Number of protein chains: 2
Amino acid sequence: MSQTKMITTKRVTSHEVAQQAGVSQSTVSRVFSRDTRLSKTTSERVMRVAGELGYKPNAIARSLSTQRTQIIGVVASYMTNPFFPVVLEAFTQRLHELGWRVLLFTAGKSNDVDVLLPDVLAYQVDGLIIVTATLSSQMTREVLQRGIPVVLFNRYAPGSGASAVSCANDEGGRMVADELVRAGHTRFAYITGRPDTSTNVDRQKGFLERLAELKVTDCLIEPGDFTYEAGFAAAQRLLTSSRPPDAIFCANDITALGALDAARKLKVSVPNELSVIGFDDIPMGQWAAYDLTTVRQPLEDMIEASIELLLERVENTDLASVLQFLPGTLVRRGSARLSP
Amino acid sequence: MSQTKMITTKRVTSHEVAQQAGVSQSTVSRVFSRDTRLSKTTSERVMRVAGELGYKPNAIARSLSTQRTQIIGVVASYMTNPFFPVVLEAFTQRLHELGWRVLLFTAGKSNDVDVLLPDVLAYQVDGLIIVTATLSSQMTREVLQRGIPVVLFNRYAPGSGASAVSCANDEGGRMVADELVRAGHTRFAYITGRPDTSTNVDRQKGFLERLAELKVTDCLIEPGDFTYEAGFAAAQRLLTSSRPPDAIFCANDITALGALDAARKLKVSVPNELSVIGFDDIPMGQWAAYDLTTVRQPLEDMIEASIELLLERVENTDLASVLQFLPGTLVRRGSARLSP
DNA sequence: GAGTTTGTTGCAAGCGTATGCACAAACTAT
DNA sequence: ATAGTTTGTGCATACGCTTGCAACAAACTC
């Protein structure tokens, strides 16, 4: 069908460079793969000719030949939560610095992760980073069986065979409980994220466990889904109830911002009448309008760890999977009362 | 060096499927490229065997053979401005639906667009979408010379040979001027974005031109850079000056949010004492804390147009480049006074 | 029943690069 | 001078797939 005459396009290949430079194609190839045992003379001549012709090695052909694409697949979505774009940008940037390319996939309403995974695999990615959603265990198995290492970021699935890097979410939840109790709060609430995520489960678990240890039993659980809107609605429900809480821990920052705006709308004074604490430490938390107290995830370290874990396993497929939890730190700002 | 024994990994190729199914390799290939003239019998048998063996066509090999990678390169950065993540997600999603993959590149401090472009090219992308930053004209030329169509999103560079899709920014600026003047404002200000972007230039130009047409000459220009922090600082400077404006037009929404927070901090009542209007219509503008009046970019249409423009040119390299401007719409919310 | 058309499938030549092996030239050591 | 070593380059094949061309059997046509 599309038999358009390709008049202009003239891809320069290593053969042409070789011919112009009076060497063999293999020599050109060796020049570009920095093969040591090449005379400076030829090397330079080839480079010069290549430059003149505008030759760039064809990464696709190289991939086919080396059985390595130097491509990492990244699955990320929910870009309306500012946490993910920042993570994505950092990953892309860092991987690029290390000589890897990023093939981006976004899960969404129409396409589940499991649905788009075959496409990921078709492109022979050397490794896979999953920032949003989780793979079905069946899919994980299929991927790992092909010898493609997987790292889950900010989530984990023990026994799946996938490695994972996550914040120590339970510990974070405990820190928040400590902080709020120490500040003298008595009536607590937790606004959840999506209930099927390890992130939400652990934050909630740590929070409630620590509260129990401190002999606090008065904690409402209000359902949310990690969004601003859910946070707003949940906080509104809580604050207009017969016995409103004086401290709210939110499953993530964006939820907390929603909660803060609900408080503002209801003229509930923060932090005098109400403390709100989030989780993530997204840039917006620092904005004057919010000044959000939160648990900071050690993003840089988490990303660095993820990449290291992944690339190690790209090099050596036999390495066992690893779960890694990095500690968060409480960042005290204006949205939560301080202990006296 | 890395001569690890690949014990587990057994990539299934079309040859193996062919052998198992008792047909030739080409037949297997034809089955997977939906070649019509194949008997149902063989077709189904091949499919069944392929399923059993877990065969997926190797996209890399296919790319090499067809001279088409089905990969679109996307350059995007500044993920802290919520506008871009949303755009990126939409692009990725839509392109995936249409059977294309996205290779993501982020420009940044260390790597300019021009620096990472060679890498983009090495992977033989079939097309290029640039969401952030602009290419140097030299680079654009080099890309286009290779027959790789380029679409600039939300920015343009006339005469570069690259197509572009953008909001009618000047018209948007004019709409804002109209709205603010009609509401009875008299002392205006514009907080700029990065001055070297078409986006900023056009919004400013339209705004000022329309003000001039309406016989308004009193408009301060305060430098910004499309960030919250710059908006906050600029608004603070403006509002604490000897003769503060009563209406501020911001180069984009995130700047406007900063301006609103500055006003809040300085106890300047919005919209009574001050109107603020942004540009983009990011989701956060709807939040209760801001309720931002703004010019909405027709994102869906812009993305659809970009993709159409790009894919057209992937099919037919000879098509001339096109600049396309889609009209924005004023979204009236609470941050700007309404006309009486 | 010979000639023609139609529908299926196989053969084989690429696509652009990497790399083991062979070999010539230039040294080093006897 | 000879044998052994090092250094630099080319040859040829492989990577997994697509696709033009040809082969062939089956189904028609007259």
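Quick caveat, the model's predicted, so the values are computed rather than measured. Per chain, numbering begins at 1; letters A, B, ... match sequence-line order.
Taking side-chain N and O atoms only, B/T27 has a distance below 4.0 Å to OP1 or OP2 of C/dG10. Not one side-chain nitrogen or oxygen of B/S33 sits closer than 4.0 Å to the OP1 or OP2 atom of D/dT19.
Summarising the geometry, atom OG1 belonging to B/T69 is positioned 11.5 Å from atom OH belonging to B/Y123; distances are rounded to the nearest 0.5 Å.
In terms of the side-chain hydrogen bond (donor to acceptor under 3.5 Å, both in side chains) criterion, residue partners of A/Y156 (sequence neighbours excluded) are, by chain and number, A/D202.
One can place CD of A/E44 at 13 Å from P of D/dG8, the figure rounded to the nearest angstrom. Distance B/F32 CZ to D/dG16 P: 16 Å, rounded to the nearest Å. Rounded to whole angstrom, the span from the CD atom of B/E16 across to the P atom of D/dG16 amounts to 9 Å.
Taking the centre and axis of the six-membered ring of B/F105, the NZ or CZ atom of A/R101 falls outside the cone set by 45° and 6.0 Å.
Using a 4.0 Å heavy-atom distance criterion, A/T42 is classed as a sugar-phosphate-only contact. Heavy atoms of A/V23 sit under 4.0 angstrom from primed sugar atoms or phosphate atoms, though from no base atom.
Between B/Y55 and B/F32, the distance separating the two ring centers is shorter than 6.0 angstrom.
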Check against ring pair (Phe, Tyr, Trp, His ring centres under 6.0 Å), A/F153 and A/F91:
CA-CA 11 Å; A/F153 183 87; A/F91 265 122; 5.2 Å; yes
Audit row: B/R48, B/E52, salt bridge (charged side-chain N to carboxylate O under 4.0 Å, His left out) steps and yes/no
CA-CA 6 Å; B/R48 187 171 46 71; B/E52 287 167 6; 3.4 Å; yes
Protein-to-nucleotide contact annotation, 5' to 3' order, nucleotides 11-16 of chain C [B base; S sugar-phosphate only; - none; under 4.0 Å, heavy atom]
BB-BBB
